[in-house]
Amino acid sequence: GKIWLNLRGRDVRDPDDNSKKISYWIDYTKLAINDRTIFDTLTPTWHDKPYQHIINAKADEEIKIQVEWQPHRSDTVEIPPKVTAPSSNAVKPKVEPKPEYETARLDVKFVSRTGYGDFKILSISDDNADVSKPSWLQKDGIGYTIQSDAGKLEFIAKATVDGKLNCNLKGIVVANPHDPTRRIPYRVYYTNLTINAETIFNTIVPAWNDRPYRHSMDVKAGDEVKIHVEWQPKSNNV
């Protein structure tokens with residue numbers, strides 16, 4: 001007989017209208033069947049636009065299917081230079097993303113009171129986090145963007161002068177496939193934000209790129225700031 005194989009994303013509903021689906025994209029990178037490579041290039045799909053493959057199967061035949069994928073990255077997003085966390089110079093091993101978690105994004109920006117000084121991320125718990133320093137986040141301050149699919153994240157930052165630290169919790173940018181100028185509300189459900197052992201919240205807080213959760217705090221020169229964040233998979237029942 002025949003086996004119909006569809007590679008797709010989850011059925012994600014618009015929280016404002018449950019009858020509508022959000023194009024939750026997955027970037028598949030490889031499909032191999034019985035050790036024969038079907039494709040090994042970036043192949044974006046979502047629930048209503050799957051990648052389809054038909055397998056001819058014989059009686060009692062064992063079929064080995066290997067699939068690989070990665071978090072979706074929108075082509076409309078500026079790709080900033082990679083920033084290596086100063087805590088380690090070691091080459092990071094490649095680890096497959098964890099599909100049970102959404103990809104969280106944190107924009108962290110330090111604004112000096114005097115207009116000078118430095119701000120750095122000293123360490124980060126997720127070795128596979130995507131840490132970048134985009135040019136648009138350097139206006140009137142020093143900023144980093146952190147993306148992680150680990151489900152929880154902790155990092156330590158430090159400024160050399162007094163100032164204000166702005167931390168925005170959001171989701172990654174996902175462009176509408178029918179209109180790249182519009183964004184899809186790719187929500188992440190944050191469950192905890194703790195800064196220097198002080199709990200800011202420990203309840204479900206949904207956020208996405210255009211509607212982040214914002215928190216600001218004063219920072220003294222030389223003080224280390226420890227930020228702990230947790231989030232969970234999106235649920236249509238939330």
Side-chain angles (χ1 to χ4, degrees), residues 71 73-74 77-89 92 97 101-174 183 186-232:
R73 296 287 189 265
S74 171
V77 182
E78 175 189 358
I79 306 298
K82 182 77 173 182
V83 175
T84 302
S87 59
S88 174
N89 294 322
K92 297 178 181 179
Y101 290 118
E102 304 282 347
T103 300
R105 170 178 161 180
L106 289 75
D107 289 356
V108 183
K109 184 173 183 178
F110 174 75
V111 180
S112 168
R113 299 190 187 282
T114 58
Y116 63 88
D118 197 10
F119 174 68
K120 292 182 179 180
I121 295 177
L122 303 180
S123 66
I124 190 165
S125 61
D126 180 8
D127 289 338
N128 297 287
D130 185 358
V131 183
S132 59
K133 196 175 181 182
S135 58
W136 57 266
L137 203 51
Q138 312 313 307
K139 184 178 180 181
D140 301 324
I142 301 173
Y144 296 87
T145 290
I146 305 171
Q147 292 186 178
S148 170
D149 59 8
K152 64 180 179 179
L153 183 75
E154 185 171 283
F155 64 94
I156 298 175
K158 182 178 180 180
T160 59
V161 295
D162 292 354
K164 184 176 289 292
L165 181 61
N166 301 313
C167 185
N168 292 345
L169 311 185
K170 50 176 59 175
I172 63 175
V173 176
V174 180
R183 292 171 178 164
Y186 180 100
R187 286 175 172 82
V188 172
Y189 288 81
Y190 292 94
T191 57
N192 182 273
L193 172 61
T194 301
I195 301 178
N196 290 339
E198 177 189 355
T199 299
I200 308 303
F201 66 78
N202 60 356
T203 185
I204 295 178
V205 176
W208 66 289
N209 186 81
D210 290 7
R211 292 185 181 179
Y213 175 88
R214 304 178 188 274
H215 181 78
S216 297
M217 60 180 292
D218 293 327
V219 175
K220 295 289 186 180
D223 286 352
E224 293 187 356
V225 181
K226 179 187 290 186
I227 299 178
H228 178 91
V229 182
E230 297 182 14
W231 62 96
Q232 66 180 24

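Both backbone and side-chain heavy atoms feed into the values below; hydrogens, waters and symmetry mates do not.
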Kindly indicate whether the side chain of Ile146, heavy atoms from C-beta on, has any atom under 4.5 Å from the side chain of Ile121.
-> yes

At their closest point, which heavy atom of Val131 faces which heavy atom of Ile124, and how far apart are they?
-> CG2-CD1, 3.9 Å

What is the minimum heavy-atom distance between Val188 and Thr103, and which atoms define it?
-> CG2-O, 3.4 Å

Counting distance only, does the side-chain N/O of Thr160 pair as donor-acceptor with the main-chain N or O of Asp118 below 3.5 Å?
-> yes

Do the non-hydrogen side-chain atoms of Asn168 and Lys109 ever get within less than 4.5 Å of each other?
-> no

Could you tell me whether a side-chain N or O of Gln138 sits under 3.5 Å from a main-chain N or O of Gly143, the two making a donor and an acceptor?
-> yes

Tightest non-hydrogen contact, residues Cys167 and Leu106, listed as SG-CD2, 4.5 Å

Under the ring-ring contact (aromatic ring centres under 6.0 Å, His included) rule, collect the residues that match up with Phe110, sequence neighbours excluded.
-> Phe119

Judged by atom type as modelled, is there a donor-acceptor pair below 3.5 Å linking the side chain of Asn196 to the main-chain atoms of Glu198?
-> no

Heavy-atom side-chain proximity of Arg105 to Gln147 below 4.5 angstrom | yes

Could you tell me which non-hydrogen atom of Trp208 sits nearest to which non-hydrogen atom of Arg183, and how far apart they are?
-> CZ3-CB, 4.1 Å

Side-chain donor-acceptor contacts of residues 212-222 below 3.5 Å, not counting sequence neighbours, with atom names and distances?
from: Ser216; atom 1: OG; to: Asn166; atom 2: OD1; distance (Å): 2.7
from: Asp218; atom 1: OD1; to: Arg113; atom 2: NH2; distance (Å): 3.1
from: Asp218; atom 1: OD1; to: Lys164; atom 2: NZ; distance (Å): 3.1

Can you find a pair of side-chain heavy atoms, one from Ile142 and one from Lys133, that are under 4.5 Å apart?
-> yes

Determine the minimum heavy-atom distance between Trp231 and Val229, stating which atoms define it.
-> CZ3-O, 3.9 Å

